[in-house]
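As structure tokens, the structure follows; a few thoughts come after it.
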Protein chains: 2
Amino acid sequence: MTTEKLPNGNIESAKQVGNLVAFHRKEQGLTQADLAGLAQTGTRFISDLENGKGTVQFDKVMLILNLLGLDIRITERS
Amino acid sequence: MTTEKLPNGNIESAKQVGNLVAFHRKEQGLTQADLAGLAQTGTRFISDLENGKGTVQFDKVMLILNLLGLDIRITERS
DNA sequence: TATTATAATTCCCGAACGGGAATAAAAATT
DNA sequence: AATTTTTATTCCCGTTCGGGAATTATAATA
């Protein structure tokens, strides 16, 4: 897997979100199966998400970010 | 339509995103058809999104936010 | 209030999500 | 290197998205 830098600024792609999810999941010592269990979803969804699949459902993404203690903020472009 | 306050802080629901989209779209003098055209999608998707449908596709949501000049930022919960 | 513009809802339906389970691949640990 | 754990990929298949178009409802303007 190509190690990509984590986005410090704005999110521009689903792949960046996937990287964030994978990073913070591991940071908390969780496997994909763990996170899938917490989110009441399947491991395939977690895998898809972490690999940057853009067509995943929006609310599921929000749920995962929430479970990992990540906040989403939307602001006007400066 | 119930006028709801726009979220100043973190996004917690798809409905909040929908409110943001609707607000900024109108602010820029765009109709749903206009925005749908820009995003190469249909008016039904815009309507669904603005009404808080959570199962819309993640990358489409990002595209719309982008087109409206809105930035997405994901940070660790303080 | 009448008229017009905009938005929401419904229908049909092809395309694709996503769960579960199994397998393959990759990573980690000893 | 061998074993074990974790992750990725594939399959089957029910469910649902989402486009287009038409209709209904709502909002806006004269």
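In the text below, chain A, chain B and the rest are named by the order of the sequence lines, each starting its count at 1.
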- Task: Let me know the distance between CG of A/Leu63 and P of C/dG18, rounded to the nearest Å.
- Result: 13 Å
- Note on the structure: note: B/Leu49, atom CG; C/dT9, atom P; distance rounded to Å ~ 14 Å
- Task: Kindly compute the distance separating CG (B/Asp71) from CZ (A/Arg73), expressed to the nearest 0.5 Å.
- Result: 12.5 Å
- Nearest-neighbour nucleotide for the A/Lys60 side chain, D/dG19, C/dG18, D/dA8 considered: C/dG18
- For B/Lys26 and D/dT26, what is the distance between atoms NZ and C1' respectively, to the nearest whole Å? 11 Å
- Item | Minimum-distance nucleotide to A/Arg25 side chain [options: D/dG18, D/dT7, C/dA8] | D/dT7
- Message: Check this one for me: any side-chain N or O of B/Lys53 less than 4.0 Å away from OP1 or OP2 of D/dC17?
- Response: yes
- Task: Evaluate the side-chain proximity of A/Thr41 to A/Leu63: yes if any heavy-atom separation is below 4.5 Å, no if none is.
- Result: no
- Note: for B/Arg44 and B/Thr55 on DNA chain C, the residue whose nearest nucleotide lies more 5' is B/Arg44
- Item | Side chain of B/Gln32 - closest among D/dG19, C/dG19, C/dA7 | C/dA7
- Task: Go through B/Val61 and B/Ile64 one step at a time and tell me if the side chain to side chain contact (heavy atoms under 4.5 Å, CB included) criterion holds.
- Result: CA-CA 5 Å; B/Val61 179; B/Ile64 295 294; 5.8 Å; no
- C/dA5 phosphate, OP1 or OP2: any side-chain N/O from B/Thr31 under 4.0 angstrom? no
- Note on the structure: To the nearest angstrom, the CG-C1' distance between A/Leu30 and D/dT7 comes to 15 Å
- Message: So A/Asp48, base contact, sugar-phosphate only, or nothing? Heavy-atom distance under 4.0 Å.
- Response: nothing
- Query: Given atom CG of A/Asn51 and atom C1' of D/dT9, what is their separation to the nearest angstrom?
  - Reply: 10 Å
- Task: Verify side chain to side chain contact (heavy atoms under 4.5 Å, CB included) between A/Leu38 and A/Leu30, making sure each step is shown before the conclusion.
- Result: CA-CA 10 Å; A/Leu38 288 174; A/Leu30 299 172; 4.3 Å; yes
- Check each of A/Lys26, A/Arg44, A/Glu50 against A/Gln32 using the side chain to side chain donor-acceptor pair (under 3.5 Å) test, and report the only one that passes. A/Glu50
- Task: Rounded off to whole Å, could you give me the CZ-to-P distance for the B/Phe45 and C/dT9 pair?
- Result: 16 Å
- Task: Name the residue closer to the 5' end of DNA chain C, choosing between B/Gln57 and B/Ile46 according to the nucleotide with the nearest heavy atom.
- Result: B/Ile46
- With a non-hydrogen cut-off below 4.0 angstrom, is A/Thr43 in contact with a base, only sugar-phosphate, or nothing? nothing
